[in-house]
Protein chains: 2
Amino acid sequence: MATATTNSTRDQLFHTASQMFCEKGFHATSIRDIAERVGIQGGSIYSHFESKDDLLWSIVQHAADRFFSAIRPVAGADMGITQKLRKAVITHAEVITSDLDAAAVYTVEWRHLSPERRAEVTKLRDEYESIWRTMVDQGIREGYLAASDAAGASRFILSSLNYLFTWFRPDGPLTAEEVGTLIADYTFDGLRRRTV
Amino acid sequence: MATATTNSTRDQLFHTASQMFCEKGFHATSIRDIAERVGIQGGSIYSHFESKDDLLWSIVQHAADRFFSAIRPVAGADMGITQKLRKAVITHAEVITSDLDAAAVYTVEWRHLSPERRAEVTKLRDEYESIWRTMVDQGIREGYLAASDAAGASRFILSSLNYLFTWFRPDGPLTAEEVGTLIADYTFDGLRRRTV
DNA sequence: ATACCATCCTAACGAGCGCTCGTTTGGAGA
DNA sequence: TCTCCAAACGAGCGCTCGTTAGGATGGTAT
C-alpha cells in the first residue's frame, strides 16, 4: 500500500509489452495486441505511455539499469581478480535469468527504438562492455588470463552469457547460479581436459 | 554468360532484401523499400517472389544450406577429434563471415516466417546442433573434452560463433580463419593461463 | 455537495502496409 | 513482320497501424 501502486495498469502494460516484444518482436506486436492482453482498449495505453517508442524505451532502460546496478558493486569490490571475474559472470547470468523477457528485448529489440534512443543504447552497451574490459585487463596484467586482447576476450565472455535467454528456462534443471558457474568454468578453463 | 543469369533482378532483390532485413528487421522493411533500392516498383517484386514471406524464406533456406554443406564434410571427415572440432569451429566462422547479412537474418529474423516455416527452421537448427553434439560426444568419449554435458558444451561453442555477426567486419584486422582460430583457442583452452 | 483528475471508453484519422490487377514494354523466336 | 511472354508499371484494394479527440465514470480531496 502507501505510495507504490504495484500491479497498476501501467505495470501490467509494461510487463505484458515486455513479454510480447520478446515473443513476437516489436513491430509484430501492435498497441491493440498489448491492450487486449491487459484488458483495455488500444487508445487507453496513451494514458500511461506517450508512444509505442516510449513503451519500448522504458523497458530497455529498466533492463539496462538492472545490468549496471548488478555489475558495478562487483567491479568495484575489493577482491582477487580470479574471484571477481567468476562473480561477475554469475551476476550477469542472474540478471538475465531473473527476467528473460527483459533480457531478450534488451538484446534484440532495442534497435527498433528511435534513432536518438538507439544511439543512447549503443553508448550504454559500450559503457557496460568497458566495465568488463577493465576487469579483463586486470586479469591479464595480474597474469591470471592468457588472452592478450581484452576487448576480444570480453566479447567472448559476454557472448555465451547473452545467448542464455535463447535456451535457459527457469523451470529447467539448472538454477541461475548453477548456470553462471557452468559458464564461468567453460569460459575460463575451456572445454578441453586440463591434464594431458 | 551461358545459362546462369547472375545479377538478374531476382538476385538483386534477394541480396537487397537480405541486407535490409539484417539492417532494419523484417517487419520494418517494406516491399516498396526493397523495390526502391533495386530500382523497380513495389508490385514488380511479385514477378519474382510469391510473397514477402517467400522472400524471407528463400534467404533463410539458402543460409541454412550453406551451414549444412560446409559442416557435413567436416563432421564426416576421417580425422582426429581434436582437429575435427577445431576445423568445425573455423568452418562455421567462415560461413558466417562470408555473408554477415545472411547470417544475421538466419539467426534473428527467421522467427517472422509463417508458423509452418518457422517450425521447419526449428527442425533444421536441431539437426545442425545434433551434428555438433555428435562431434562433442566423440570428444568426450575419447577423453579430449572435460565437459560431461554434450548439449550444453555444443551450445557454448555455438554461442560465441553466432555472436560473430554482431561485431565482425570483413574490412577489420582479422580474417575469417584468424577469427575462427581465435574462437577455437578460447573455447577449448579457456581464457585462463594454463601454467600456474 | 462539489470540483477535480486520472483512467478508460468509443470513434475516427491519415498513413502505410502487403498484395492484386489490367496494361505496357521490349526482346526472342517463327 | 508477327507473335508471344516475362518483366515491370502504376493505380488502387482492403486492411491494420500508431495516434488523437471528446466524452463518460468513479474515486478523492475540499
Side-chain angles (χ1 to χ4, degrees), chain A residues 1-21 23-60 105 109-118, chain B residues 1-21 23-60 105 109-118:
Chain A
M1 345 188 152
T3 50
T5 36
T6 317
N7 259 51
S8 64
T9 304
R10 198 196 135 96
D11 289 344
Q12 278 181 263
L13 286 169
F14 181 94
H15 177 251
T16 305
S18 183
Q19 244 180 246
M20 300 189 78
F21 290 164
E23 192 182 307
K24 314 202 297 167
F26 178 72
H27 279 116
T29 306
S30 76
I31 283 288
R32 283 178 253 260
D33 284 342
I34 301 166
E36 192 187 8
R37 198 113 122 193
V38 169
I40 61 175
Q41 292 295 115
S44 305
I45 286 191
Y46 292 84
S47 296
H48 303 278
F49 296 93
E50 275 193 12
S51 64
K52 197 187 179 190
D53 190 72
D54 248 51
L55 183 45
L56 176 58
W57 176 235
S58 70
I59 293 169
V60 166
V105 171
E109 304 299 327
W110 66 276
R111 69 205 184 100
H112 297 118
L113 284 165
S114 70
E116 301 79 28
R117 285 168 168 175
R118 213 183 313 141
Chain B
M1 350 188 149
T3 50
T5 36
T6 318
N7 260 50
S8 65
T9 305
R10 198 195 135 96
D11 289 344
Q12 278 182 262
L13 286 169
F14 181 94
H15 177 251
T16 305
S18 182
Q19 244 180 244
M20 299 188 78
F21 289 164
E23 193 182 306
K24 314 201 300 167
F26 178 72
H27 285 299
T29 306
S30 76
I31 283 289
R32 283 179 254 259
D33 283 343
I34 302 165
E36 193 187 7
R37 197 113 123 195
V38 169
I40 61 175
Q41 291 295 114
S44 306
I45 286 191
Y46 294 86
S47 296
H48 303 278
F49 296 93
E50 276 194 10
S51 63
K52 198 187 177 189
D53 189 72
D54 248 51
L55 183 46
L56 176 58
W57 177 234
S58 69
I59 294 169
V60 166
V105 172
E109 304 298 327
W110 66 277
R111 68 205 185 100
H112 297 118
L113 284 165
S114 70
E116 302 80 28
R117 286 168 168 174
R118 213 183 313 141

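Just so it is clear, the values below take in all heavy atoms, side chains as well, and ignore hydrogens, waters and symmetry mates. So you know, we letter chains A, B, ... as the sequences are listed, proteins then strands, and number each from 1.
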Find the distance [X]:[atom1] to [N]:[atom2] and express it as a whole number of Å.
X       : N       : atom1 : atom2 : answer
F26(B)  : dC17(C) : CZ    : C1'   : 12 Å
I31(B)  : dC17(D) : CD1   : P     : 18 Å
L56(A)  : dG18(D) : CG    : C1'   : 14 Å
I40(A)  : dA6(C)  : CD1   : P     : 16 Å
H27(B)  : dG18(D) : NE2   : P     : 12 Å
R10(B)  : dA6(D)  : CZ    : C1'   : 14 Å
H112(B) : dG18(C) : NE2   : C1'   : 16 Å
K24(A)  : dT16(D) : NZ    : P     : 13 Å

Would you compute the distance between atom [atom1] of [X] and atom [atom2] of [Y] and round it to the nearest 0.5 angstrom?
X      : Y      : atom1 : atom2 : answer
F14(B) : T9(B)  : CZ    : OG1   : 15.0 Å
K52(A) : T29(A) : NZ    : OG1   : 6.5 Å
D53(B) : F26(B) : CG    : CZ    : 6.0 Å

(message) I'd like to know whether CD of E36(A) has more than 12 heavy-atom contacts from other residues, nucleotides or ligands below 6.0 angstrom.
(response)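 At most 12 heavy atoms, drawn from other residues, nucleotides or ligands, come within 6.0 Å of this atom.
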(request) Return yes when atom CD of E23(A) has more than 12 non-hydrogen atoms of other residues, nucleotides or ligands closer than 6.0 Å, and no otherwise. (result)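 Yes - once you tally the heavy atoms of other residues, nucleotides and ligands closer than 6.0 Å, there are more than 12.
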Identify all pairs in which a protein N or O lies below 3.5 Å from an N or O of nucleotides 12-14 of chain C, and state each distance.
none

(message) Would the distance check show the side chain of D54(B) and the main-chain N or O of S51(B) forming a donor-acceptor pair, the cut-off being under 3.5 Å?
(response)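 Checking the backbone N and O of S51(B) against the side chain of D54(B), no donor-acceptor pair under 3.5 Å is found.
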(message) Whether E109(B) and R111(A) form a salt bridge (side-chain N of Lys/Arg under 4.0 Å from carboxylate O of Asp/Glu) is what I want to check.
(response) yes
(request) Test H112(B) against H27(A) for side-chain contact (heavy atoms from CB on, under 4.5 Å), laying out the working first. (result) CA-CA 10 Å; H112(B) 297 118; H27(A) 279 116; over 6 Å; no
(message) Any residue in residues 43-53 of chain B with a heavy atom nearer than 4.0 angstrom to DNA chain C? Just list them by number, or reply none.
(response)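 Heavy-atom contacts with DNA chain C come from G43(B), Y46(B), S51(B), K52(B).
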(request) Kindly say if S30(B) contacts the phosphate of dC17(C), meaning a side-chain N or O under 4.0 Å from OP1 or OP2. (result) yes
(message) Does dC8(C) have OP1 or OP2 under 4.0 Å away from a side-chain N or O of Q41(A)?
(response)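 No, no such contact exists.
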(message) Does any part of the side chain of R117(A), heavy atoms only, come nearer than 4.5 Å to the side chain of V60(A), both counted from C-beta?
(response)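 No - every pair of side-chain heavy atoms lies 4.5 Å or more apart.
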(request) Using heavy atoms to find the nearest nucleotide of DNA chain D for T9(B) and T29(A) separately, return the residue whose nucleotide is more 5′. (result) T9(B)
